[in-house]
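Notes for the one structure printed next.
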Amino acid sequence: MVAITSLLLATALAAVGLGSALPPRVGTTVINDGSQLGEGKASLKQVRNPAHRFNGALSVYKTYLKYGAPVPDHLLKAVENARAAALAERDASTGTGTAGALPIDEYDVAYITPVSIGTPPQSLNLDFDTGSSDLWVFSSSLPSSQIKGQTVYSPGKSSTSKLLTDHSWSISYGDGSASKGNVYTDNFTVGGLTAGSQAVECAQQVSTSFTRETQIDGLVGLGFSSLNTVSPKAQSTFFDNVKGNLKAPLFTSDLKFKAAGTYDFGYIDPAKYKGNITYTPVNTNPGYWTWTSTGYAVGTGSFVSTPITNIADTGTTLLYLPTSVVTAYYRGVPGSSNSRSYGGYVFPCSQKLPAFTFGVGSARISIPGSYINYGEVQTGSTSCFGGIQSSSGMGINIFGDVALKAAFVVFNGAEPPSLGWAEKTLAGV
């Protein structure tokens, strides 16, 4: 009863924009193997995508596509150059231009989450994405030319699948491409948590960028259901379908630096954060986890109070901020520049990056400089790609994994919805 009272208090404080001094600790702590959580709770461990290799230009390009923004010509050229360099590297290692996978990750997902769909269960690896609201998968309806090693869901092999007659889905991207298909309902299970009659959007066509990523079998959208693209009637997300059966109507992300993280549903594990959780209101229109940071600081500099409205997006890698903030950050990095050739801000790999701190109400979350260094722009280069980039041209600021890995984050689905941020022990600092 105390735990539920704390949650209600936290939500009430969030509604007026105040941080909670009483973080809602719901249920029991997870033991190491994730068992004995009890009914209404689940803990989901990510697994590493073995094909992942970051490329800055491709990561920025993917974000433009995802949010339907026109891709600048210089970024298209940077992507073309990145692919050409990757092909040359592959050819040098294999001795042929026709064998082997590209040594870059087209979709830019380092960690994925195993799920099962249908009866008997069919296992797929999906990307958990708070920046979208569609649960879509590679399916047996796709032409073979669009499947390059992905595991497909076959509704015909599941005794619990049911076609949603006359329903379809379609997601358009900034380059004019699209992923689309029909819709089934089926059992959908992650970490022992099952949504019966979950809408599973079965791809009959996928964008080329998804075909190139051989280890990703689809997405689990964890935005709000109002953003779902199924027509004529939008379908509920996995979270909305299970929310009523959870001990508490929330999920948390504990993403890690160069390691697999976890998503917990229905409870908050006090072992995964330190201090208090500070809650901030969420604007659910049109369906993102949109919130407003209260400002920023670079390194040991003074905190600059300025509102930064943004989306908390686990499906985006980098941190995209207003140009003025990005310029202020790289002003403190000698030798850095906004490179049209590489598709974003780069800096000498020998430079130690300053931390970036952002405000959540009166609380502060600090991203270590090491988390912002995304490595060589290409193999053997002395220039590295920055994890903080400009949101100019995208139309929205995005707090992707660069920010999320530096914090423990609560996605609170109680009314009114809110986001909770807390510090945690960070690796690699």
Side-chain angles (χ1 to χ4, degrees), residues 1-30 37-44 128-133 135 190-191 193-195 198 220-228 234-254 262-270 272-273 275-293 309-314 360-363 365 399 404 407-422:
M1 185 63 70
V2 172
I4 298 300
T5 302
S6 298
L7 178 61
L8 293 173
L9 176 59
T11 304
L13 290 169
V16 294
L18 299 177
S20 169
L22 293 171
R25 302 183 177 187
V26 181
T28 57
T29 301
V30 184
L37 289 176
E39 188 176 352
K41 302 177 224 172
S43 184
L44 321 177
F128 275 42
D129 181 13
T130 59
S132 67
S133 300
L135 193 167
V190 282
L193 187 65
T194 298
Q198 171 66 48
V220 180
L222 294 172
F224 293 90
S225 295
S226 56
L227 198 62
N228 181 265
Q235 299 296 299
S236 295
T237 65
F238 166 71
F239 177 52
D240 273 352
N241 280 334
V242 300
K243 188 165 61 176
N245 295 323
L246 297 175
K247 285 291 185 182
L250 56 83
F251 64 93
T252 68
S253 70
D254 182 22
T262 54
Y263 290 94
D264 294 341
F265 284 78
Y267 72 105
I268 294 175
D269 184 351
K272 291 181 177 175
Y273 68 93
N276 294 326
I277 301 175
T278 301
Y279 286 84
T280 185
V282 164
N283 179 353
T284 63
N285 183 26
Y288 299 116
W289 291 88
T290 303
W291 67 287
T292 300
S293 171
T309 299
N310 67 86
I311 297 167
D313 182 4
T314 61
V360 183
S362 60
I365 300 292
F399 274 46
L404 298 171
F408 176 79
V409 186
V410 181
F411 294 81
N412 178 21
E415 290 296 334
S418 61
L419 276 174
W421 296 82

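Since we're looking at a predicted model, the values are computed, not measured.
- Y279 has its side chain within reach of V410: a pair of non-hydrogen atoms, C-beta onward, lies under 4.5 Å apart.
- At least one donor-acceptor pair closer than 3.5 Å links the side chain of N283 to the backbone N or O of N285.
- Considering CG of L222 and OG of S133, their distance stands at 8.5 Å, rounded to 0.5 Å.
- The closest side-chain heavy-atom distance from D254 to D264 is not below 4.5 Å.
- Using a 4.5 Å heavy-atom cutoff, the side chains of I268 and I277 are in contact.
- Considering every non-hydrogen atom in both G131 and Y288, the closest pair reads O-CE2, 3.3 Å.
- Contact between S132 and L227 at its shortest, heavy atoms only, is CA-CD2, 4.2 Å.
- Here the side chain of T309 pairs no donor or acceptor atom with the backbone of T292 at under 3.5 angstrom.
- Nearest heavy-atom pair, A312 versus L419, reported as atom, atom and distance to 0.1 Å: CB-CD1, 3.8 Å.
- Taking OG of S253 as the reference point, atom CG of L404 lies at 5.5 Å (rounded to 0.5 Å).
- For the atom pair CZ of F399 and OG1 of T130, the computed distance is 13.0 Å after rounding to the nearest 0.5 Å.
- Side-chain atoms of N241 and Q198 form a donor-acceptor pair, as typed in the model, at a separation below 3.5 Å.
- Listed here is the closest heavy atom pair of F128 and Y263: O-OH, 3.6 Å.
- Residue S43 holds its OG atom at 4.0 Å from NZ of K272, rounded to the nearest 0.5 Å.
- Considering all non-hydrogen atoms of both residues, K41 and G266 come closest at CG-O, 4.3 Å.
- Considering all non-hydrogen atoms of both residues, D129 and D313 come closest at OD1-OD1, 2.9 Å.
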Apply side-chain contact (heavy atoms from CB on, under 4.5 Å) to residues F238 and F251 and explain how you reach the verdict.
CA-CA 11 Å; F238 166 71; F251 64 93; over 6 Å; no
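- Between the CG atom of L246 and the CG atom of L193 there is a distance of 6.0 Å, given to the nearest 0.5 Å.
- The aromatic rings of F239 and W289 sit tilted, their planes meeting at an angle between 30° and 60°.
- Within the 4.5 Å cutoff, no side-chain heavy atoms of D269 are placed close to those of T252.
- Between W421 and W291, the two ring planes are tilted [angle within 30° to 60°].
- The aromatic rings of F408 and Y273 lie parallel to each other, with less than 30° between the two planes, well short of the 60° mark.
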